[in-house]
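Since the structure is predicted, the reported quantities are computational estimates derived from the model, not experimental observations. Ligands are counted one by one from 1 in listed order, and the atoms in each one are counted from 1 as well.
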Amino acid sequence: MSDTPPRADGARVLADLHALRAIGTYKTGVHKPTFSEAHMQSLQWLTARLPEAQLAATMDGIGNVLGTSAKQGPKLLAGSHLESQNYAGWLDGPLGVVYALEAARVLNADPAVKGAVEVAAWCDEEGHFGSFLGSRSFVGQLTEAEIDSSRDRNADRTMRQALESVGLAGRARITTPRGRHIGYLEAHIEQGESLETGGQKIGIVTSIVGIWQYRIRFTGEQNHAGTTRMAIRKDAGLALARFCVAIDETFPKFCGPRTVWTTGRITLDPGAPSIIPGGAEMLFQIRDDNPAVIDRLEEKLRGMAADVTTQGRIGVEVERIRSGAPALMNGAFQDAIEAAAKNVAGGKSVRMPSGAGHDAQVLAKIMPSAMLFVPSIGGISHHWTENTADADIVTGAEVFVETCRRLLRQAGSGAN
Ligand SMILES: [Zn+2]
C-alpha cells in the first residue's frame, strides 16, 4: 500500500462547484427549484460526469440521479441534492454531490481500493413538492398516492404534471437493493455559525434533530373593539401573545442545551382592526435531538394551556400535528470522519447535532449513515449570499475522500 494514496483534487472540486453555480445563477447564488430548467440541466451535468468515476448513470422516475459501479467489493453510497431553495445559495446540496463525485473519481479508479463509491443526487430535498420525495422513494417509503397528491409550491401544477413536463412520467423509480451498500455518507455546509465561531473545519454530525410541530388554538369571544370594556373582554389574540411570552420564560428552565423553538405563524380570527379576536391560532415548532426533552416541554406546554383555560376566559387547545424522531448517525462512521479529519484537517473537527433536516435522516432508516459539515461564512444559508471559504471547501473534500477510503477499507477487511 502506498504511503500517500491519491487525495481529492481541490481545483477540480472548485471547478465543478462553479460549473453548477453557472447553471441558474442568481446574484452570487442560484435559483433552481425542483424540475426547473436549471435543476434539470444540473442533473444532466452530473449524469455526464459520472462515467469519469467509472459509474453508470441513471435518472429515475422521481428525478433521482444514481451512479452505480460494476467494481467488485463493498459499495459506499454518497450524495446530496442539486435543486435549491428559491433564490438561494450555490453550495447547499451541490457541495455534497460534488464531494461524492470526487470520492468516486479518486477511489473507484484506484486498484488499491477494494470496492467503490456510488453517487446519488436526491430529488426535491428542498421540499418544493413534498418532504424528501427522492430519498424516501429510494428507501421504498414513498407511495404513488403521495406523488398523486403532491403539488408545486411555486406554481399551479401537480407533481405528475411536472414529471410529465421534464420527460420523467411513467419512468420506473429505483429503490435500493437491500444490503448493496455498507452505508451512506453526505457532506453539507453547516448552515449555522458554530464551526466558524469555534475555529473548526469539520463538523461530525451525531444526529439530525427531530421536529415536533403544534397547532395551538385560543378561543375567546368576538366583540366590538370600541364598545367592549377592557375588564370584560375575552381577547383570544392577547391570550396568544401572552402565551408566546410565557413559553419563552418557561422553556429555558426545562430545555436541552440545543433545543430551539419557534412560533412560525399567527392568525387572528377574524383579524380586523375594529374587532376583538374571538379566535387565534399559532403554529409552534420545537427541534431537539432528544425525545425525552421534547416530552418534558410538551408536558409544560399542555400544562400552561390548561392553566389559561382554568382561569375561565379563554380556552386553549394544544394539538400535536407533527412529530419526528431524531435520526442517529452511525458511531463507526463518525469515528471514520474523525480519524480522517485528524489525518488531513489537523484534527480540527467537532461532533455536533444537525438542526436542519437532510436526506441522511431518510437513508439512516435502512443503512448506517453519517454526515460531515464544512463551515458556513457568517452562518448564512437559504440566501444567495451563502458561502464557504475555498480553502474550507478543499479541506472538506479531502476529509470526505479520506473518510470514504477508510470506510471501504474497513468493510473490505471485515468481509470473508
Ligand atoms: Zn441541503
Atom CD of residue position Gln72 - does it have more than 12 heavy atoms of other residues, nucleotides or ligands inside 6.0 Å?
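Incorrect, the count does not exceed 12.
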
Are there more than 12 heavy atoms of other residues, nucleotides or ligands under 6.0 Å from atom CD of Gln141?
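More than 12 within 6.0 Å, yes.
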
Polar protein atoms near the Zn ion (ligand 1) [N, O or S; cut-off under 2.8 Å]:
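Those protein N, O or S atoms (cut-off: under 2.8 Å from the Zn ion (ligand 1)) are His81 NE2, Asp92 OD1, His188 NE2.
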
Minimum heavy-atom separation for Ala340 to Thr403, with atom names?
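Scanning both residues, the minimum pair turns out to be CB-OG1, 3.3 Å.
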
Going by the salt bridge (Lys or Arg N to Asp or Glu O under 4.0 Å) test, name the single residue among Lys75, Lys71, Arg180 that passes it with Glu118.
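Of the listed options, the one satisfying the test is Arg180.
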
How are the rings of Phe251 and Phe284 set to each other: parallel, tilted or perpendicular (split at 30° and 60°)?
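Aromatic pair Phe251/Phe284 classed perpendicular.
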
Do Gln334 and Arg351 meet the criterion of a side-chain donor-acceptor pair at a distance under 3.5 Å?
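Judged by distance alone, the side chains do pair up.
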
